[in-house]
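Scroll down for the structure; my scribbles are underneath it.
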Amino acid sequence: MPRPAEAPRWSVQAAEGIRYLRHHWVLWRLVLAGAATMGVAGLNGASVYAVVDAGLQRPPAFAGVLYAVPGIGSVVIGLFAGALLRRMPERVFAAAGIMLFAMGVALRVVPSVPVVLLARAMIGAGLPCVLIAALTAV
């Protein structure tokens, strides 16, 4: 019985993917924007504890509330993403998501629970925009 052909190593597949993206300028920029945004999102997640402690002066358990709120923003943008992408190019949708994310991060410095909750919802709505745009373009 013949053996199935082995799949190429992940490094070979990754190199092929990068070569493909480099020849498609719009995709390359969307993927880089998504990677950079996700990197900043990691830092954003770690800073929630500083917002809870120093900014809002709440107990550490309040971080659970702040971690749940971005999900609401993600669900809302998910409901409208298809309609928005039919009306605008992927790069505009991604840029709008990055701006929404950035405004949410900036608003977190206001020491007010309602403002921080709104900011977290904005962050949750902005992050998926970049990924949705990149995957739609691909």
Side-chain angles (χ1 to χ4, degrees):
M1 176 175 270
R3 296 180 64 200
E6 287 188 32
R9 293 179 42 178
W10 72 268
S11 58
V12 172
Q13 291 176 337
E16 288 174 9
I18 290 170
R19 275 194 298 278
Y20 179 82
L21 287 173
R22 298 218 37 181
H23 289 89
H24 295 84
W25 186 240
V26 172
L27 289 178
W28 178 250
R29 291 189 338 205
L30 282 171
V31 169
L32 286 180
T37 304
M38 291 302 118
V40 173
L43 297 172
N44 169 62
S47 67
V48 167
Y49 295 103
V51 170
V52 169
D53 183 40
L56 299 176
Q57 298 171 350
R58 296 286 180 138
F62 192 70
V65 173
L66 294 186
Y67 272 113
V69 174
I72 296 167
S74 295
V75 168
V76 169
I77 200 65
L79 292 172
F80 296 104
L84 291 169
L85 280 168
R86 282 191 290 277
R87 290 172 176 76
M88 66 180 72
E90 291 93 355
R91 65 184 184 279
V92 174
F93 186 69
I98 291 170
M99 290 299 296
L100 190 59
F101 172 77
M103 290 182 339
V105 170
L107 275 176
R108 287 182 325 159
V109 302
V110 177
S112 164
V113 172
V115 173
V116 170
L117 290 174
L118 174 65
R120 293 290 293 165
M122 291 169 67
I123 289 167
L127 280 175
C129 294
V130 181
L131 298 177
I132 293 169
L135 292 174
T136 301
V138 170

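Because only heavy atoms are used, hydrogens play no part in the values below, and waters and symmetry mates are left out as well, while side chains stay in.
Other residues, nucleotides and ligands contribute over 12 non-hydrogen atoms within 6.0 Å of the OH atom of Tyr67. In this structure, Met38 places its CE atom where more than 12 heavy-atom neighbours from other residues, nucleotides or ligands lie under 6.0 Å away.
The distance from the CG atom of Leu30 to the OG1 atom of Thr37 is 10.0 Å, given to the nearest 0.5 Å. With rounding to the nearest 0.5 Å, the separation of CD1 in Ile77 from CD1 in Ile72 is 14.5 Å. Taking CG from Leu85 and CD1 from Ile132, the interatomic distance works out to 7.0 Å, rounded to the nearest 0.5 Å. Between atom CE of residue Met88 and atom CZ of residue Phe93 there is a gap of 7.0 Å, rounded to the nearest 0.5 Å. To the nearest 0.5 Å, the span separating CE on Met103 from CG on Leu118 amounts to 9.0 Å.
Scanning all heavy atoms of the two residues, the minimum distance from Leu27 to Ala134 falls at CD2-O, 4.5 Å. Here the closest non-hydrogen pair linking Val116 and Arg108 is CG2-O, 3.8 Å. Listed here is the closest heavy atom pair of Gly126 and Leu100: N-CD2, 3.8 Å. Pairing each heavy atom of Val130 with each of Ala94, the nearest pair is CG2-O, 3.8 Å. Closest approach of Leu56 to Leu66, counting heavy atoms only: CD1-CD1, 4.3 Å. Minimum interatomic distance between Cys129 and Gly97 (heavy atoms only, all atoms of both residues): CB-CA, 3.5 Å.
Distance alone, capped at 3.5 Å, is enough to place a donor-acceptor pair between the Arg87 side chain and the Ala83 backbone.
Both Leu131 and Leu127 are assigned to one and the same hydrophobic cluster, defined by single-linkage of ILVMFWY side chains at heavy-atom distances under 4.5 Å. Using a 4.5 Å cut-off between side-chain heavy atoms of Ile, Leu, Val, Met, Phe, Trp and Tyr, with links allowed through other members, Val48 and Leu117 fall into the same hydrophobic cluster. Under a hydrophobic clustering in which Ile, Leu, Val, Met, Phe, Trp and Tyr are joined whenever their side-chain heavy atoms come within less than 4.5 Å, directly or via other members, Met99 and Met122 fall into different clusters. Under the 4.5 Å side-chain contact rule for hydrophobic residues, Val51 and Val110 do not share a cluster. Note on Val113: it does not cluster hydrophobically with Val115, by side-chain heavy-atom contacts below 4.5 Å among ILVMFWY residues.
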Please report the C-alpha distance between Leu135 and Glu90 in whole Å, then the side-chain angles of each, then the deciding distance to 0.1 Å, and finally whether the side chain to side chain contact (heavy atoms under 4.5 Å, CB included) criterion is met. CA-CA 9 Å; Leu135 292 174; Glu90 291 93 355; over 6 Å; no

